[in-house]
Every structure is written in C-alpha cells, then in structure tokens.
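For reference, the structure discussed in these notes is given below.
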Amino acid sequence: MAITLDAQLLEILACPSPDHAPLRPGTPDDAEAEALTCTECGRVYPVRDGIPVLLLDEATLPGSAADHGDSA
C-alpha cells in the first residue's frame, strides 16, 4: 500500500541528516512501501500510521541488512 501524504507536506519535509535533502515516497526497491527515502543520502525513514518518523535512529541506511527486514 502506498503512503498518502499531503503533497504540500511532502514538499517541505527534508532528511534530518546534515545534507537536508528532499524526501521521496517509497524505498529504492519498492515505490509503494510505507516509507520515505532521502534523495541525497538514501536513508529510508518509516511511515507509521500515516506519520513520517524522521529520526536518524529510526532510519535504515542504503544497503544495510535491516533495510527491508530481509533475513537469510
């Protein structure tokens, strides 16, 4: 299910890391994921109950095993 955030809100949200880049809906692997991805650093922030959780501690880094809950 794709996230539904107000377009105006999405325009003003930015990654809280020092680069402060814009965010885009979804993840690199799943455009419909309940997440926002930084267009600069690639961190993926979860969206819980329609609320973006923009905390660096909650974000997953690109390429990390925890990105999508993958387990071997």
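- Atom CG in D19 sits 5.0 Å away from atom SG in C41 (nearest 0.5 Å).
- D49 pairs by the side chain to side chain contact (heavy atoms under 4.5 Å, CB included) definition with nothing, not counting sequence neighbours.
- In this structure, T37 contributes its side chain and G26 its backbone to a donor-acceptor pair below 3.5 Å.
- Residues satisfying the side chain to side chain contact (heavy atoms under 4.5 Å, CB included) test with E11, not counting sequence neighbours, are none.
- V44 places none of its side-chain heavy atoms less than 4.5 Å from the side chain of L61.
- For L56, the side chain to side chain contact (heavy atoms under 4.5 Å, CB included) test picks out P16, S17, R43, Y45, with sequence neighbours left out.
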CA sep, side-chain torsions, deciding dist, call: T60, T27, side-chain contact (heavy atoms from CB on, under 4.5 Å):
CA-CA 10 Å; T60 54; T27 67; over 6 Å; no
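- In this structure, the salt bridge (charged side-chain N to carboxylate O under 4.0 Å, His left out) partners of E58, at least two apart in sequence or on a different chain, are R48.
- Between C15 and T39, the closest side-chain pair of non-hydrogen atoms is not below 4.5 Å.
- Remark: A14 engages no residue in a side chain to side chain contact (heavy atoms under 4.5 Å, CB included) (not counting sequence neighbours).
- Other members of the cluster containing I51 do not exist, because no ILVMFWY side chain is joined to it at under 4.5 Å.
- Put simply, the side chain of L10 reaches to within 4.5 Å of the side chain of L36, judged on heavy atoms.
- In terms of hydrophobic clustering, with Ile, Leu, Val, Met, Phe, Trp and Tyr side chains grouped at heavy-atom distances under 4.5 Å, I12 and V47 are assigned to a common cluster.
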